[in-house]
Amino acid sequence: MARTVARVIVDALQELGVRHVFGVVGDALNPLTEAIRTTEGLDWIGCRHEEAAAFAAGAQSQLSGTLGVCMGTVGPGSVHLLNGLYDAAKSRTPLLAIAGQVPSAELGSDYFQEVDNDLLFRDVAVFRATVTSPDQLPRMLETAVRCAISERGVAVLTVPGDLGDRELTDDRPARFPRVRPVTRADDAGIREAADLVNAAERVTLLVGRGARDAREEVLELAERLSAPMVLTLKAKEGFEADNPYQVGQTGLIGNPAAAAALDACDTLIMLGTDFPYRDWYPTGRKVVQIDLLERNLGRRIPVDVGLAGDTAATLRALLPHLRPTADRAHLEAARERFEQWTAGQRRLADPDHDHHLLGRLRSALDNRTHDVRPEALAAAVNDCASDDAVFTSDTGMATVWLSRFVTMHGRRRLLGSYNLGSMANAMPQALGAQLWAPDRQVVAFCGDGGLSMLLGDLMTIRTHRLPVKLVVFDNRRLGMVKLEQEQAGLPEFGTELDNPDFAAVATALGLTGIRVTRPSELLDGVRRAFETPGPVVLDVLTNPRELAVPGKPTVEQGWGFAIAKVKETLRSHDG
């Protein structure tokens with residue numbers, strides 16, 4: 001078989017263990033897609049939009065910890081990849097994007113569909129280059145893959161349409177040494193951190209996804225220091241279950257117990273997190289931060305001791321130097337408050353809540369009709385989903401309800417656009433997740449705005465018969481934007497969505513569609529969705545007025561919300 005540019009690339013992907021390549025076919029990609037077609041164990045997944053392809057590839061990379069691959073043809077096809085690539089970059093997951101280009105003789109001539117890919121992808125990629133000669137391979141490909149994996153980012157390799165079929169003079173295969181060095185902070189830094197922590201009376205841990213592989217060490221640290229553990233959303237899947245120290249999330253989606261645990265400590269230990277919301281950090285505390293990337297140390301809050309290195313290796317060196325804390329009052333107070341809050345949340349998730357006295361009062365105040373409580377929907381999905389389910393969530397209120405009512409027990413996994421904050425990520429990430437784990441349940445928490453943005457790739461799910469369960473929180477709103485407007489004292493504007501019946505759309509596309517419009521239908525609808533073989537769109541009309549109160553609401557937010565409601569009432573009367 002001739003050693004062409006396309007063949008070298010595709011053989012390398014096979015050697016790397018890549019199983020799926022996502023994209024939309026096009027003329028510049030034809031040599032590559034033909035090579036994929038004739039390669040055993042490597043499948044082309046044709047999507048309806050390149051953005052969905054990039055999200056799907058990024059999801060596989062995050063779940064597997066290995067390289068994800070997507071492709072976009074010349075010009076607009078490559079441009080469409082960009083949002084999904086940014087999500088992968090900000091999630092720090094290795095992704096290789098192959099971008100088509102105009103014929104090499106036409107480069108720089110403003111040819112039809114010509115885009116300067118090296119300029120286009122400059123901000124998003126840790127490596128980007130255009131192949132101008134077949135003999136640049138396999139060296140250029142090796143560099144791209146090594147950069148993506150070692151720097152946990154996006155590499156973009158641009159291939160002009162006339163080069164894919166060209167043969168190489170060097171017949172060697174691409175080589176990819178797989179070495180992951182494990183580093184930890186030096187002994188002087190370890191001793192300095194230990195002295196600071198040993199002098200503390202009340203320690204709180206803030207744990208992020210970067211500590212996921214250090215669960216045993218983090219739990220030992222919490223036990224030794226009698227420290228409550230605040231989790232970032234991305235740390236839920238590694239630390240929420242079977243953890244007597246965790247008190248949930250902080251921030252806008254968080255709870256009062258987590259906020260109080262941070263405020264009550266005199267020393268904060270940050271583990272594998274770059275939690276970006278500065279307003280939610282306590283002030284005037286001693287801070288120790290452990291992070292693999294030195295550039296993250298002190299970026300969000302001033303730190304007294306910053307330790308660059310692998311969280312597990314660094315904690316193993318630190319733990320022998322720490323004295324046990326006998327006083328568990330700080331931990332017990334945080335846990336008691338957390339348990340009280342979770343009990344209240346369970347009451348909100350009761351489908352019959354609105355029939356109780358408080359529920360009837362709230363219904364009267366917000367003029368509620370028969371819409372389903374989003375809390376009840378999320379709780380019902382949590383109860384029906386399997387212990388090894390993979391969850392994805394759209395940015396916005398769908399993520400709020402998932403964070404509060406879905407527990408990451410067993411082998412459950414969680415994906416979302418939690419760093420970029422893109423809309424429309426949940427469905428394509430579920431697509432990639434289901435292909436990665438065909439025997440596991442995949443559940444997407446979709447916002448109605450997010451799902452409608454990339455609605456066409458429901459057909460990709462149908463084509464490949466992927467049994468994903470797409471749960472649509474159909475509140476006919478851009479709910480998070482509505483909340484942000486009202487907290488700022490602005491009346492709701494531009495957030496209302498004129499939605500179709502998503503279940504009917506799904507049925508027309510060849511998927512199973514189930515629509516729930518009343519609370520009395522909820523449990524049966526959720527059960528049917530999970531019991532039905534194949535892909536299901538569960539469209540649930542949820543209450544657009546339901547609020548997610550942050551863990552530490554401010555007076556300004558309260559006044560803003562009150563003012564917004566007055567303005568909205570006056571506007572409705574004027575109308």
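- Heavy-atom neighbours of D387 CG from other residues, nucleotides or ligands within 6.0 Å: above the threshold of 12.
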Decide side chain to side chain contact (heavy atoms under 4.5 Å, CB included) for H464 and I45; before the verdict, give the C-alpha distance in whole Å, the side-chain angles of both, and the deciding distance to 0.1 Å.
-> CA-CA 8 Å; H464 294 277; I45 307 299; 3.7 Å; yes

Could you please spell out the steps behind the side-chain hydrogen bond (donor to acceptor under 3.5 Å, both in side chains) verdict for N419 and K234?
-> CA-CA 10 Å; N419 292 82; K234 294 174 74 173; 2.6 Å; yes

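- Counting only N and O atoms by type, the side chains of T204 and H330 include a donor and acceptor under 3.5 Å apart.
- Residues H20 and Q60 have side chains that bring a donor and an acceptor to within less than 3.5 angstrom of each other.
- Residues Y245 and E223 have side chains in contact (heavy-atom distance under 4.5 Å, counting atoms from C-beta outward).
- The aromatic rings of F275 and Y281 sit perpendicular to each other, their planes meeting at more than 60°, with 30° as the lower class boundary.
- Interatomic distance, CZ of F127 versus CD of E151, reported as 10.5 Å (0.5 Å rounding).
- Using a 3.5 Å distance cut-off with no hydrogens or angles, the side chains of T93 and S61 do pair a donor with an acceptor.
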N83 and S422: CA distance, side-chain angles, deciding distance, side-chain hydrogen bond (donor to acceptor under 3.5 Å, both in side chains) verdict = CA-CA 8 Å; N83 194 51; S422 173; 2.8 Å; yes

Take E237 and R412 through the test salt bridge (charged side-chain N to carboxylate O under 4.0 Å, His left out) and record every step on the way to the result.
-> CA-CA 7 Å; E237 71 171 16; R412 287 180 171 181; over 6 Å; no

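- For the residue pair S417/D87, the side-chain donor-acceptor check at 3.5 Å is satisfied.
- In this structure, a donor-acceptor pair under 3.5 Å is present between the side chains of Y418 and S393.
- Residues T267 and R285 form no side-chain contact, since every pair of their non-hydrogen atoms from C-beta on lies 4.5 Å or further apart.
- Checking side-chain atoms of R477 against main-chain N and O of L497 turns up no donor-acceptor pair under 3.5 Å.
- Counting non-hydrogen atoms of neighbouring residues, nucleotides and ligands closer than 6.0 angstrom, the CD atom of E294 reaches no more than 12 such neighbours.
- A salt bridge does not link E531 with R527: every distance from a Lys NZ or Arg NE/NH1/NH2 to an Asp or Glu carboxylate oxygen is 4.0 Å or more.
- One side chain, E546 or N543, offers a donor N or O that lies under 3.5 Å from an acceptor on the other.
- In this structure a side-chain-to-backbone donor-acceptor pair under 3.5 Å is missing from R184 to A313.
- No donor-acceptor pair under 3.5 Å is formed between the side chain of R337 and the backbone N or O of R335.
- Using a distance-only test at 3.5 Å, with no hydrogens or angles considered, no donor-acceptor pair links the side chain of R128 to the main chain of A155.
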Pair D457-H49, side chain to side chain contact (heavy atoms under 4.5 Å, CB included): steps then yes or no = CA-CA 7 Å; D457 272 284; H49 196 293; 3.7 Å; yes

Please lay out, stage by stage, how D439 and D388 fare under the test side chain to side chain contact (heavy atoms under 4.5 Å, CB included).
-> CA-CA 10 Å; D439 297 326; D388 66 348; over 6 Å; no

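- Looking at R215, its side chain does come within 3.5 Å of a backbone N or O of G238 through a donor-acceptor pair.
- Using a 4.0 Å cut-off between charged side-chain N and carboxylate O, D274 and R300 make a salt bridge.
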